[in-house]
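One structure below.
The figures that follow rest on heavy atoms only: side chains count, while hydrogens, waters and symmetry mates do not. First the proteins, then the strands, lettered A, B, ... as listed; each starts at 1.
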2 protein chains.
Amino acid sequence: MGKQTTEMLKGTLEGIVLAILAVRPAYGYEITSRLREQGFVDIAEGTIYALLVRIEQRGLVDVQKVPSEKGPPRKVYSLNASGGEVLAEFWRTWGFLAERIEQLHHAIEHPREEGEH
Amino acid sequence: MGKQTTEMLKGTLEGIVLAILAVRPAYGYEITSRLREQGFVDIAEGTIYALLVRIEQRGLVDVQKVPSEKGPPRKVYSLNASGGEVLAEFWRTWGFLAERIEQLHHAIEHPREEGEH
DNA sequence: TCCCGGTATTCAGTCTTGCTATGTACCGGT
DNA sequence: ACCGGTACATAGCAAGACTGAATACCGGGA
């Protein structure tokens with residue numbers, strides 16, 4: 001994907017990851033590969049780990065180290081109450097933005113005189 | 001609005017402004033007040049001007065100075081062919097992102113066992 | 001044995017972009 | 001003369017995504 005995707009992910013990627021964790025706990029590598037499966041083929045691994053560090057420091061997730069059968073121990077993240085609140089706020093913000101952008105899209109596809117001022 | 005909105009605007013605000021210009025040409029001050037009317041009450045004026053400078057330098061818009069009856073001359077921006085392409089790409093990127101995020105929202109609202117692995 | 005590839009995490013440095021704060025300039029009304 | 005609304009510009013800051021590299025654990029093949 002292009003630069004546009006990168007910039008558009010700012011602010012939304014955090015919500016995406018919180019939403020993934022809301023479904024069930026997961027560790028960084030797992031999140032990255034699940035995102036790739038879902039079509040986000042170009043999200044850098046380092047980006048996800050950095051994001052996880054941030055949300056952990058903000059206390060939005062609980063962390064548990066779990067030994068892996070093939071590699072270093074996994075850090076399994078699970079959403080806690082704070083994270084749930086931030087996720088809820090994310091959905092509100094997203095809804096607001098998506099609604100307005102859809103309006104704009106509609107305005108272009110179906111232009112009309114605007115009598116309201 | 002909160003920090004989430006700010007971060008989410010990164011990457012989308014450019015598309016929003018291009019979309020506004022696709023409807024009809026406009027100048028900076030006008031774009032700002034139109035955005036405020038549409039609910040983006042906290043978008044800083046400086047942000048819009050900086051964005052307009054960027055898209056002008058990238059050649060996405062044509063500019064025309066028009067004298068104003070009440071203030072300094074207006075810089076009226078109109079979308080050109082390049083800008084149209086970038087806007088089209090924006091809609092594709094937005095569509096991709098919105099689709100996946102809606103999927104995630106749906107997955108949380110309607111959780112189910114996933115038998116696929 | 002030694003190396004390689006897959007798993008798993010971390011970090012320093014860079015770039016883009018929105019915000020803050022401020023400054024400039026033009027105009028009409030009081 | 002001053003003030004408020006119109007209109008544009010910019011320097012410095014903060015946040016977040018990317019690049020590239022390093023570290024570490026494990027199994028299998030030459």
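When the P atom of D:dG16 is taken as reference, atom CD1 of A:Ile48 falls 14 Å away, rounded to whole Å. Atom P of nucleotide D:dG16 and atom CD of A:Gln57 are separated by 11 Å, given to the nearest angstrom. Rounded to whole Å, atom C1' of D:dT10 lies 13 Å from atom CD of B:Glu45. Computed from coordinates, the A:Arg74 CZ to D:dC26 P distance equals 13 Å when rounded to whole Å. Summarising the geometry, the separation between CD1 on B:Ile31 and C1' on D:dT6 is reported as 15 Å, rounded to the nearest angstrom. Per the geometry, CG belonging to A:Leu52 stands 14 Å off C1' belonging to D:dG16, to the nearest Å. Rounding to whole angstrom units, CD of residue A:Glu14 and P of D:dG16 are separated by 7 Å. Atom P of nucleotide D:dC8 and atom NZ of B:Lys70 are separated by 14 Å, given to the nearest angstrom.
Comparing D:dA7, D:dC18, D:dT10 by their nearest atom to the side chain of B:Ala50 picks out D:dT10. With distances taken from any side-chain atom of A:Pro72 to the nucleotides D:dC25, D:dA17, D:dA9, the minimum falls on D:dC25.
Residue B:Ile16 holds its CD1 atom at 11.5 Å from CG of B:Leu87, rounded to the nearest 0.5 Å.
When heavy atoms are screened at a 4.0 angstrom cut-off, A:Glu30 is found touching no nucleic acid atom at all. Counting non-hydrogen atoms under 4.0 angstrom, B:Ser68 reaches the backbone sugars and phosphates but no base. Contact annotation for A:Gly46: base contact, defined as any heavy-atom pair under 4.0 Å involving a base atom. Residue contacts shown for B:Leu13 are limited to sugar-phosphate atoms, with no base heavy atom under 4.0 Å away.
Nucleotides of DNA chain C nearest to A:Lys10 and A:Val76 differ in position, and the one nearer the 5' end is that of A:Val76. When the nearest nucleotides of DNA chain D are assigned to A:Pro73 and A:Gly11 by heavy-atom distance, the more 5′-ward of the two goes with A:Gly11. Nearest-nucleotide positions on DNA chain C place A:Tyr77 closer to the 5' end than the other of A:Tyr77 and A:Glu7.
Distances shown here put every side-chain N or O of B:Lys65 at or beyond 4.0 Å from the OP1 or OP2 atom of D:dA7. Between A:Thr47 and D:dC18, a side-chain N or O to OP1/OP2 separation shorter than 4.0 Å is present. OP1 or OP2 of D:dA17 sits under 4.0 Å from a side-chain N or O of A:Arg54.
Other residues, nucleotides and ligands contribute over 12 non-hydrogen atoms within 6.0 Å of the CD atom of B:Gln38.
Using a cutoff of 4.0 Å between basic side-chain nitrogens and carboxylate oxygens, A:Arg34 and A:Glu37 are not scored as salt-bridged.
Considering all non-hydrogen atoms of both residues, A:Glu14 and A:Ile55 come closest at CG-CG2, 4.1 Å.
Taking a heavy-atom distance under 4.0 Å as the criterion, the stretch of DNA chain C touched by chain A extends 5' to 3' from C:dT7 to C:dT17.
Two residues are said to be in side-chain contact when any heavy atoms from C-beta on lie closer than 4.5 Å; A:Val66 and A:Tyr27 fail this criterion. Between B:Arg74 and B:Glu30, the closest side-chain pair of non-hydrogen atoms is not below 4.5 Å.
Between B:Trp91 and A:His105, the two ring planes are parallel [angle under 30°; tilted spans 30° to 60°].
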